[in-house]
Amino acid sequence: MATPEYNNFIQDFITEDTESGRYGGRVHTRFPPEPNGYLHIGHAKAICLDFGIAEANGGLCNLRFDDTNPAAEDVEYVDAIQADIKWLGFSWDDRMFYASAYFDELYNWAVKLIRDGKAYVDDLSPDQVREYRGTLTEPGKESPYRNRSVEENLDLFERMKAGEFPNGTRTLRAKIDMASGNINMRDPVIYRILHAHHHQTGDQWCIYPTYDYAHPLSDAIEGITHSLCTLEFEDHRPLYNWLLEACEVPQAPRQIEFARLNLTHTITSKRNLRRLVEENVVGGWDDPRMPTIAGIRRRGYTPASIRNFCNDVGVAKTNSVVSLMQLEHFVREDLNKTASRMMAVLRPLKVVLTNYPEDLVEEFAVENNPEDPDAGSRYVPFSRVIYIEQEDFMEVPAPKYFRLAPGREVRLKGTYFIKCQDVVKDEAGNIVELHCTYDPETRGGEAADGRKVKSTIHWVSAAHAQDATVRLYETLFLTPNPAEGGDVMANLNPKSLEVLEGCKVEPSVHGADPGSRYQFLRHGYFCVDPDSTLERMVFNRTITLKDTWAKVAGK
Ligand code: ATP
Ligand code: MG
């Protein structure tokens, strides 16, 4: 995998630090997911950046589970997160860590802060803490418990740890400045009481550090040099730095913020993604309509396409929304190079070639991928009964409709010209099959006498076809900004999934593993779903063929 070159403000900071020798020339980043949900496309951007920029600078990147809130976390997520990062093509080698493994050190630092008069146990309730905090325009009020003695604080904190107090009755707060213009500096809570089982530490702890407290110190423990995070943490940076200084860590990491990735028609909030799963709007975290890594993998997106997209989007200092079309462009670009072409009939119409010998089966060599000279070719069987798309026939052809119609001749891709002689209907008047004749003098798709046809249609031999179910997708949300108006559920697209049964695919796909990707001619790119069986394969449409973004962006 090629390492992209970075030319952005983050790289500038890193270069500044390596040139000044601030970290002895080291570059060490981390990707710190909280295991409370599956990773999504926004995380992919952070992963590409954290791992990519470390590698581009000859550095390292850790995977660290930021598991300080046992209430919402689960090992299911711990496992899924690892699988997703690996699939994207990145490796943390042996550097996978848990913030929970640092709970002892974090506790000892908290004791140090108390001893140094920089932290106190507060008895205010969560509501009171909020009330005392003040607002953007008004300073906060000091808690009546703020000036407890060091001894009392040590005793109470010890007893918090020992489990003497119920949830929410006390907190440990950093003693900074209740009048600070930055609300994050108004004596932030650094420990809370939570009698909860933790997926890594079990029942060992009933006090847990907050994210703001655990994060800078975990970074310091791991020797992180550049701690990249999203913009909402910009206002937390003074606290990040305050804690590193107050705890006197040997070498303070540098926090650098960048804009979150937002995509049109997509949500990237774990809370809302979890709602979609829990309220059965989708089949699970890996539903192919989900913007999760697991979902887009099942949908058929490739790791390379996601990495290319993330690099193209780049990093910025201001939030913006990227068009979903841009992501889809990179998916098409990669699949066009790598996906084998196949013929598949999604809505079959039976065609009998009345003058074709009953028992004859011919095989036609077809190129697998015109974009890839090494892809080779395959043989496609042809016989007397075939399927074509229902939409490739019109009994009364509309103006400018050049495909099959009564009395009209078209080319069957790669084989012969056929001409429609008869339309067979059931009692209700529905078309059930067509009777056509083929012209043996057009073998290979060109007429010996030089006559032309106006269209070429694809087909599958009925006796050889692979039965398939095909799932077609649209965006999960109707509006470009699903969060607009408050409730994302109000913007759901009722047509986000269409299931076609009875599809017919050329036999070469038979037995292909889940995850195999193809271009079905004229229909788009498809991926074999894990629900497939040998008798009835299941395909997800990854994406249609038409690349609107390439046109818009002049690519
Ligand atoms: P949520 O708030 O939806 O739960 P999160 O940001 O808290 O998501 P984390 O597990 O804490 O999720 O994220 C791990 C890392 O991924 C963080 O460094 C975070 O900044 C980054 N990240 C999360 N969402 C995005 C996004 N949309 N774009 C870029 N980076 C993101
Ligand atoms: Mg977070």
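Whatever order the structure lists them in is the order used to number ligands and atoms, beginning at 1. By convention here, the first residue in the shown sequence is residue 1. As a basis for the values below, the full set of heavy atoms in this structure was taken, side chains included, without hydrogen atoms, waters or symmetry mates.
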Would you say [X] and ligand 1 have an N/O pair spaced under 3.5 Å apart?
| X | result |
| --- | --- |
| Thr230 | yes |
| Ser269 | no |
| Gly42 | yes |
| Leu228 | no |
| Glu232 | no |
| Asn36 | no |

### Task
Fit a plane to each ring of Phe520 and Phe526, take the angle between them on a 0 to 90° scale, and name the class: parallel (under 30°), tilted (30 to 60°) or perpendicular (over 60°).
parallel

### Parallel, tilted or perpendicular, as decided by the 30° and 60° cut-offs, for the rings of Trp205 and Phe103
perpendicular

Does a donor on one side chain and an acceptor on the other come within less than 3.5 Å for [X] and [Y]?
| X | Y | answer |
| --- | --- | --- |
| Tyr240 | Asp219 | yes |
| Tyr132 | Glu142 | no |
| Asn36 | Glu73 | no |
| Asp529 | Asn540 | yes |

Tell me, please: is [X] in heavy-atom contact with ligand 1, that is, under 4.0 Å?
| X | result |
| --- | --- |
| Phe31 | yes |
| Asp66 | no |
| Arg271 | no |

### Task
Enumerate the atoms of ligand 1 whose separation from the nearest heavy atom of Ala46 is less than 4.0 angstrom.
16 (O), 21 (C), 30 (N)

## Note on the structure
Checking Arg95, Arg64, Arg26 against Glu222 for salt bridge (charged side-chain N to carboxylate O under 4.0 Å, His left out), the one that qualifies is Arg64

